[in-house]
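Encoded as structure tokens, the structure appears first; notes follow it.
Just so you know, these numbers come straight off a predicted model, no measurement behind them. Basis for what follows: all heavy atoms, side chains included, without hydrogens, waters or symmetry-related copies.
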Amino acid sequence: AAWARHSAVVPRLAAARGFSTDTEYDLVVVGAGPGGYVGAIKAAQLGLKTVCVEGRGKLGGTCLNVGCIPSKALLESSHHYHALIHDFEKHGLYADNPRVDLTKMMQNKS
């Protein structure tokens with residue numbers, strides 16, 4: 001079965017990356033967002049054998065990785081473009097043929 005193949009591989013990969021290979025915990029925290037990782041840390045400080053599971057591979061949750069913060073980066077880029085089009089001339093600054101490179105804007109938000 002597929003699970004049997006992975007059951008031998010996963011502990012080796014986990015150990016190689018410095019992750020726990022234990023299978024029994026007092027607490028499993030699902031999600032490493034601002035509540036999850038803080039809760040996992042506090043539980044471990046209180047002596048519970050704790051594991052934090054995150055599907056994205058990064059701590060921080062939705063807001064930090066794909067939601068609020070990246071959206072604010074796009075909003076900032078939009079504000080710069082608006083200023084270029086509407087406000088720069090009154091300061092004696094001119095830009096001919098301004099354009100948006102959406103690919104670069106998307107890279108900047110990551």
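The distance from the CD atom of Glu89 to the CG atom of Leu84 is 9.5 Å, given to the nearest 0.5 Å. Within the model, atoms OG of Ser77 and CG of Leu102 stand 10.0 Å from one another, a figure rounded to the nearest 0.5 Å.
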Let's go through Asn108 and Lys104 carefully: what are the C-alpha distance in whole Å and the side-chain angles of both, what is the deciding distance for side-chain contact (heavy atoms from CB on, under 4.5 Å) to 0.1 Å, and is it a yes or a no?
CA-CA 6 Å; Asn108 182 54; Lys104 283 188 179 180; over 6 Å; no
side-chain contact (heavy atoms from CB on, under 4.5 Å) between Met105 and Ser78, intermediate numbers included:
CA-CA 9 Å; Met105 284 178 70; Ser78 299; 4.2 Å; yes
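Every side chain to side chain donor-acceptor pair (under 3.5 Å) that Thr62 has, sequence neighbours left out, goes to Arg56. The side-chain contact (heavy atoms from CB on, under 4.5 Å) search around His82 returns His86, Asp87, not counting sequence neighbours. Every residue was checked against the salt bridge (Lys or Arg N to Asp or Glu O under 4.0 Å) condition with Asp101, not counting sequence neighbours, and none meets it. Among residues two or more places apart in sequence or in another chain, the side-chain contact (heavy atoms from CB on, under 4.5 Å) test is passed with Lys42 by Gln45, Leu46.
Across Pro34 and Gly60, no two heavy atoms sit closer than the pair CD-O, 3.6 Å. Considering every non-hydrogen atom in both Tyr25 and Thr50, the closest pair reads CD2-C, 3.9 Å. Nearest heavy-atom pair across Val29 and Gly36 is CG1-O, 3.4 Å.
Leu64 belongs to a hydrophobic cluster with Ile69, counting contacts under 4.5 Å between side-chain heavy atoms of Ile, Leu, Val, Met, Phe, Trp and Tyr, direct or through other members. Here Leu59 is tied into one hydrophobic group with Tyr37, Val38, Ile41, each link being a pair of ILVMFWY side chains closer than 4.5 Å.
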